[in-house]
Amino acid sequence: MRNRHLRRALAVAAVALVTLAGASAAASAAEPSYPFRDPRLPLGARIDDLVGRLTLDEKVSLLHQYQPAIPRLGVDFFKTGTEALHGVAWSTDVDANGAVVTAQGTAFPQAVGLASTWDPALLRRVGSAVGDEARGYHALNPRVWGLNLWAPVVNPLRDPRWGRNEEGYSEDPLLTGAISTAYGKGLQGDDPDHLKTAATLKHYAAYNNETRRDVTSSNVPQRVLNEYDRRAFKPAIESGAATGVMASYNLINGRPATVDPDLSGLVRGWSDRPLFNVTDAWAPTNLTGSQGYYPTQAEADAAVLKAGLDSFTVNDADGAPTVAAIKEALARGLLTEAAVDTAVGHALSIRFRLGEFDPDGGPHAGIGPEVIDSPAHRRLAREAAGQAIVLLKNSGNALPLAPGGRVAVVGPLAGTLYTDWYGGKLPYEVTTLDGIRERAASVTSSEGADRIALRDVGTGRYVTATGTTDANPVTVTGATADGAAQFDMVDWGQGVATLRSVANGRYLGYNWGPFVTRDAQPNGWFVQQQFKLERQPDGSYVLHYAGYETQESWFGPNTYVTVGADGALTLGSATAEGAAHFAREVLSSGVDQAVAAVKGADSAVVVVGSNPFINGREAHDRTTMALGESQQALVKAVLAANPRTTVVLQTSYPDTITWEQQHVPAILWTTHAGAETGHAVADVLFGDRNPGGRLTQTWYRSDHQLPADLLDYDIISSGQTYLYSTQRPLYAFGHGLSYTRFRYSGLRTRTRGDTVTVSVDVTNTGGRAGDEVVQLYTHQRTSRDRMPVKQLRAFQRVNLAPGRTATVDLRLKIADLAHWDVTRGRWVIESSTHDLLVGASSADIRRRGTLRVAGETIPARDLTRTTRAESFDAYAGARLVDESKARGTAVGASAAGGWIAFKGSRLGTAFTARVAGSGTIEVRVGSPTGRLLGTARPAATADEYTYATTTARLGRAAGRQDVYLVLGAGLRLATFKIE
């Protein structure tokens, strides 16, 4: 979010604390006893009292992320947006104009790892710990550490190539809703009237791509929007586990999400409390910039407020441009003061609930900095990391390892922990190597990285590190391949590698020139520590710089490294031909070292995976799910040298490890799980913890099992996720193994009112205690519409001692079986038989039952009534577009011949449509090329938002027909009827 922040220094000014203390004391001394400070009054009355005392200028000032103090009323400064996705991560400093300040508190597993616990009770405890630490940081410096937390991320993980996969929970909306609700409730605390922190859900809505995210439109038909994307957001809002949403960067059906009318309508309707909704960083200026949706910022900001957002995250700490734009909007009549009052009331609502205006600060005011990284939180982090680990494979009981043996631990992630963009700085580190060393009698290790030197072919000199600051440029000056000229190279896939200086342990990076070895890890918005070593026909190599800024339109053509007259490396060529050529001297082979380390060991553990700053992240999607080529080669070589090999896969995403699944005896998966990663992995490897994590996404066999286009948001038509895919995956949704075995028996159902309880007996038939995640799916056998192959309805994680049996009750409401009826634009429960499927994963169903539901039959479409074009049953070559800038969805053709279909319809002979733009509409039956009933030829309208009525006479078609409307390019169709 903050790409321009990270070029600033990391700063926390101690003087701010002194200034704040003085200002607060002065404000308190001046405060009379206003009604808004009386906690006995209803929340609405307190909000109205305070809003009524504010001047228009004061109200407008509160609409920016950095809400200034209002001393005359004793109202302090307030800042939105502390990042807290899996621990307090970072915030920004108003006194340094938005400079990023990184936290160093308890680090929990990445969000997708937390969800793999399938344990809402645990997530609530984790959320509570994060909320406590946010309060602790706030006590240290409230100007930096605000109590409005921007977490959790609840976008369903539709496609594992999404760069922000690590931030979400699951491809399933029910699981996403359950986990986000638990985490949000933990963040906010148990007091019904007072918040520990105020959680904001990210990012509303239909947001699963990073490439050109601010200008791409998510084409989401009504069923997908209602049954999938919106359904993931609703539970946390409905249950009070969040105080609002952040709008996403993308467009939804042609309209920027920043002005999505859902924000003022549907989303607010889910809650019985005021919601405080915010923009994403710099999104308001996208409306006039990259999106070109409004000609002036005044019009854009007015639309943002009217759409239901209450706070502008833009211009760093400078609220002046926002204030100026809103005042202009008021002066031009684009916005009313009443609309400003509404937004300000929403902004103040969370401040009241946080206890800011209570005399004692509310029940959470006493939480201090002693909670940060407390021993209890460290223990919880270890527990969460262990609960999250998924045992993907365990052939021949290869795991657990026997204690006290000789273990070889190799791989690029064995001795290193990585943070991510929405994580804080680790206060300490326990790597997998560290954890195993605590358990094994002896340990050998190797990173498995090639140690290389790069010798300039032209001069014979070596690339050499000269220090660790910006004043120490890397130069081609070394006479020999000594330590300063040696680099350890790690392959992260797709040709991208990092080069770490052997002499100083720092990574080669660009830093806008000169090249330096300054950074302890790849980091920063542009990750300027990425390179490609490209082999040339003559056997030499060129160094191709691959920092993310090279993908920006403003970056120049020169991305290849050259050598200056002073020997300094620089970006001096746009092509390999003009680049400096180097001999790549391999001083030691990483594979050879790893093989030597594992030979003779009782067991080998290979730790491979991803770097969260390189292998996909915010603003950068993945193009493949494959492991780095060198990492694959390392696994194969180690397995050949020691058949007792376990792969620990540490990634933020599903990977296509098909070969490893076929050949490696045991495979564990963990996310980047924080400071306690090594303890958690060792706990599982040695059997102190029986793995109970389960996958929250489908793991595919290859990239070919995914849609060709990451922007294909229609999971129903394209068959995405476990809900609609009929392909055989590598690992199914819900998959995860245990060191023990579980038997399912005695499926029973009972219905009481609107609730169905499915009970099953689960017995631990193995020799050790373990956790089973019992999962209930349903499948609707008959429907007018395409239904999911199966859909998760309930789940429960249970712990069982050996030989013990537990009765697991899984509950679902009949209302949960409804789906969106496009013919009438409402939820419907059809009369049908539903299969009840209970098992250990979506592919491992152990017990089956049926449930007969008496609902309704969706009637035939009646096209004699006005029908919205977006309510189609099928389409091709058509796109959903904004009917107007304020609201509504229409349909346009992506190219001539695009069509939409309405099946099983009754129709007449007079076609009437509301259209904009120019083009024709052919009315056909049976297929897009079927019998032509007639053609409407409307006159062109003034623009795409000016609609006119067009008519056409049609030939007769008896009975129910599948009607196809074939659209000409340039035409927008909003509604139609055939009387």
Can [X] and [Y] be counted as having a side-chain donor-acceptor contact under 3.5 angstrom?
{"X": "His203", "Y": "Arg164", "result": "yes"}
{"X": "Thr805", "Y": "Asp761", "result": "no"}
{"X": "Glu870", "Y": "Tyr875", "result": "no"}
{"X": "Ser783", "Y": "Asp785", "result": "no"}
{"X": "Asp844", "Y": "Ser841", "result": "no"}
{"X": "Asn799", "Y": "Asp771", "result": "yes"}
{"X": "Gln387", "Y": "Arg797", "result": "yes"}
{"X": "Asp172", "Y": "Ser170", "result": "no"}
{"X": "Ser832", "Y": "Thr782", "result": "yes"}
{"X": "Glu167", "Y": "Asn155", "result": "no"}
{"X": "Gln791", "Y": "Thr778", "result": "no"}
{"X": "Trp162", "Y": "Glu210", "result": "yes"}
{"X": "Asn690", "Y": "Ser738", "result": "yes"}
{"X": "Glu171", "Y": "Thr698", "result": "yes"}

Output yes when a side-chain donor or acceptor of Asp683 lies under 3.5 Å from a complementary backbone atom of Asp688, and no otherwise.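 No, the answer is negative, given that no donor and acceptor are paired below the 3.5 Å cut-off.
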
Side-chain donor/acceptor of Trp118 to backbone N/O of Arg694, under 3.5 Å: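 Here the side-chain-to-backbone pair exists.
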
Assess whether a salt bridge exists between [X] and [Y], defined as any Lys/Arg side-chain N lying under 4.0 Å from an Asp/Glu carboxylate O.
{"X": "Arg741", "Y": "Glu772", "value": "no"}
{"X": "Asp420", "Y": "Arg617", "value": "no"}
{"X": "Arg223", "Y": "Glu227", "value": "yes"}
{"X": "Arg230", "Y": "Asp262", "value": "yes"}
{"X": "Arg125", "Y": "Glu383", "value": "yes"}

Taking the side chain as every heavy atom from C-beta outward, state whether [X] and [Y] have any pair of such atoms under 4.5 Å apart.
{"X": "Val154", "Y": "Tyr204", "answer": "no"}
{"X": "Val808", "Y": "Tyr744", "answer": "no"}
{"X": "Tyr183", "Y": "Val126", "answer": "yes"}
{"X": "Glu166", "Y": "Ser610", "answer": "no"}

What verdict does the side-chain contact (heavy atoms from CB on, under 4.5 Å) test give for Leu649 and Ile657, after you've listed the backbone C-alpha separation in whole Å, the side-chain angles of each residue and the deciding distance to 0.1 Å? CA-CA 9 Å; Leu649 183 65; Ile657 53 169; 3.9 Å; yes

Measure the spacing between [atom1] of [X] and [atom2] of [Y] and express it to the nearest 0.5 Å.
{"X": "His834", "Y": "Ile829", "atom1": "NE2", "atom2": "CD1", "result": "8.5 Å"}
{"X": "Phe795", "Y": "Tyr777", "atom1": "CZ", "atom2": "OH", "result": "10.0 Å"}
{"X": "Ile667", "Y": "Thr646", "atom1": "CD1", "atom2": "OG1", "result": "9.0 Å"}
{"X": "His779", "Y": "Thr850", "atom1": "NE2", "atom2": "OG1", "result": "12.5 Å"}

[atom1] of [X]: more than 12 outside heavy atoms within 6.0 angstrom?
{"X": "Arg852", "atom1": "CZ", "answer": "yes"}
{"X": "Arg743", "atom1": "CZ", "answer": "no"}
{"X": "Arg804", "atom1": "CZ", "answer": "no"}
{"X": "Arg824", "atom1": "CZ", "answer": "yes"}
{"X": "Arg781", "atom1": "CZ", "answer": "yes"}

Regarding Arg158 and the six-membered ring of Tyr713, is the cationic atom NZ or CZ under 6.0 Å from the ring centre and inside 45° of its axis?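 Yes, a cation-pi geometry holds between Arg158 and Tyr713.
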
Using 30° and 60° as the class limits, which term best fits the ring planes of Phe733 and Tyr722: parallel, tilted or perpendicular?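 Answer is parallel, since the angle falls under 30°.
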
Evaluate side-chain contact (heavy atoms from CB on, under 4.5 Å) for Leu201 paired with Met246, printing each intermediate quantity in order. CA-CA 6 Å; Leu201 305 183; Met246 173 187 284; over 6 Å; no

Stepwise, does the salt bridge (charged side-chain N to carboxylate O under 4.0 Å, His left out) test hold for Glu856 with Arg784? CA-CA 11 Å; Glu856 60 180 301; Arg784 176 194 182 275; over 6 Å; no

For the pair Arg793 and Asp816, evaluate salt bridge (charged side-chain N to carboxylate O under 4.0 Å, His left out) and give the outcome as yes or no after the intermediate values. CA-CA 8 Å; Arg793 299 299 184 183; Asp816 294 338; over 6 Å; no

